[in-house]
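One structure is given here, and the rest of the page talks about it.
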Amino acid sequence: MKRIYTVSQAREADVRTSQLHKIPGLVLMERAALSVSDYIEDKYAKRTRILCLAGTGNNGGDAMALCRILFVRGFDVSYCLLGPESRLSESAKIQYQSLLSYGLSSLAVEETDFKSFDLIVDGIFGIGLSRDIQHPLAELIGEVNASGRPVIAMDIPSGLNADTGAVMGACIRASETFSFQFLKPGILLGQGRSVCGQVHLPEIGIDAIETGATLPVCLALEREDLDGFLTDRDATGNKGSFGKVLVVAGSEEICGAAVLSSQAALLSGAGMVRVYTHEKNRTVIGTAFPEALITTYGNSWSKDEIKEAMDWADSILIGPGIGRSDQAREMLDFVLSDPALPAVIDADALNLLSEEPNSLLKPHGKWILTPHMGEMARLTGKGISWLKEHALEAAETFARDYQVDLILKDATTVTALPCGRTYLNSSGNSGMATAGSGDVLAGLCAGYLAQKINPEEVAAYAVFIHGMAGDLAAAKKGKGAMIAGDILEALPQITRDGGAIVAV
Ligand SMILES: NC(=O)C1=CN([C@@H]2O[C@H](COP(=O)(O)OP(=O)(O)OC[C@H]3O[C@@H](n4cnc5c(N)ncnc54)[C@H](O)[C@@H]3O)[C@@H](O)[C@H]2O)[C@H](O)CC1
Ligand SMILES: [K+]
């Protein structure tokens, strides 16, 4: 599991490290620069022509420290200081004076041809970027990107908002990013994934202990974490003891969503799945998915029948393909009136809820909501572009206000829990933006809930496993041609033998 620190958390950890543990900022800066120079020394020959671009803040200090270390180690290295000496931060000034003491003065940036270097280091801005980058630095960044040279970004590509992943005016497109010790939300959100390249997380001696004052913890799961989530199947168990899932899905017009979500629930390891759907779907579901139990309703539905199914179930999924009819609304209200049953609320059920948001305030047990950005916009009344730029904040606020697990689906899915913990998902790919992909995720969530796997962990792990299966599907079929059924098909390879993970 990797930790993700917002800018204010990173600053707080810095202060703690220097004040509590008496490690000066210059020591951290030296270690940050050493981690990059060790990497360059491993990967590049001494004759490599390297240019370090240094801003006037501590990110520039990192780049100038790197320049000194590479010089001492015999590299052909130069630097450009991008701003007046008078604006240098305290530590950056020390680095600059140290370079001068070695006889290394800054190149004049206007006379520097970026193409004449083999490698460019970006130390223009780090987490101190506070406003849009403007002329002339914006043009300079454009030239660096156009040079076609590999770029190593120190801490974060200059111009990327470390908290949101928004591009602020202009942004370095890095081939590699050395994010010092922790990930930042912006590396995974917004434009982050497209401008950071390969991300390294060198440990540099920052105190990583979350204190009471530290804001909610944000995490990114890794493949190794799955071993602790999926435990071995009880050898003495039976289909009843491995969890029973009730899937309320499909309608007179829609059937496929019920098939995909209920198959995912069973593939998650649950012992039994019962689909509650419109009678028109019985034959199709029975043929496509003979393992499912099927209960149907016609023009009217029976409270007794659904109540009996709810009493039978260990978890319920409601929403995929149910439509927005009065009948669907009545069923939703009825299902959600039982606080004891853990519920996954997806698709049209979310749209129905957004028409009566007070129903979210009703007392309830475990609820996992799985909106994509459009559904989240309807639920919150906020615009999609605002939500995309404030995904973390929006998900955290919603989870806390309504005491639900909120899975906000996007290129990087955010999972926020009412306790304040948040996960940013690092698995998955653009091929998963395909019809039915969300139905598979919702089914997985319900399947894990039914198995009484630690409910706190279900939402984030389901998202991660779903993304990994999507990565396998993309490797096999290609991002353009993969469909939701391919994600389903790949699931067993991720979860095989109760958590023993195969190489992807
Ligand atoms: N996190 C750590 O423990 C460590 C961090 N290090 C490095 O320090 C930077 C953060 O340094 P800081 O001085 O706070 O900020 P920056 O270098 O990013 O730049 C701030 C500087 O720039 C001005 N500024 C902000 N936005 C703009 C703009 N759009 N245009 C022009 N000028 C702008 C601002 O006013 C400041 O003067 C962190 O990222 C790490 O790289 C340590 O060295 C290691 C430990
Ligand atoms: K940078």
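Note that the structure is predicted; figures quoted are calculated from it, not measured. All ligand and atom numbering here is 1-based and tracks the order in the structure.
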* To do: Name all residues meeting the side-chain hydrogen bond (donor to acceptor under 3.5 Å, both in side chains) criterion together with K477; count only those two or more places apart in sequence or in a different chain, and write none if there are none.
  => D486
* Under the 6.0 Å and 45° cation-pi test, does R49 pair with F117? -> yes
* **Residues E176, K43: salt bridge by 4.0 Å N-O rule** => yes
* So, for F178 and Y39, is the gap between ring centers shorter than 6.0 Å? -> yes
* Structure fact -> So the angle subtended at the K ion (ligand 2) by N59 atom OD1 and F125 atom O, rounded to 10 degrees, is 70°
* Look at the N, O or S atoms of I124, main chain and side chain alike, and state whether any lies under 3.4 Å from the K ion (ligand 2). => no
* Structure fact -> Heavy atoms of A484 and T434 approach each other most closely as N-CG2, 4.0 Å
* Is there any salt bridge (charged side-chain N to carboxylate O under 4.0 Å, His left out) pair reaching into residues 375-390, and which pairs are they, with sequence neighbours excluded? -> K388-D410
* **Step-by-step salt bridge (charged side-chain N to carboxylate O under 4.0 Å, His left out) determination, E143 to K115** => CA-CA 9 Å; E143 280 174 43; K115 286 206 187 75; over 6 Å; no
* With a 4.0 angstrom cut-off on heavy atoms, strictly below it, pick out the residues next to ligand 1 and order them by chain and number. => R11, D14, L28, M29, G57, N58, N59, D62, F125, G126, I127, G128, L129, S130, R131, D132, I133, D155, I204, I206
* Partner residues of T415 under the side-chain hydrogen bond (donor to acceptor under 3.5 Å, both in side chains) criterion, sequence neighbours left out -> none
* Asked: Taking the K ion (ligand 2) as the vertex, what is the angle from O of M154 to O of D122, given to 10 degrees?
  -> 90°
* May I ask you to check if any N/O/S atom from I156 comes under 3.4 Å of the K ion (ligand 2)? => yes
* Asked: Any N/O/S of D155 under 3.4 Å from the K ion (ligand 2)?
  -> no
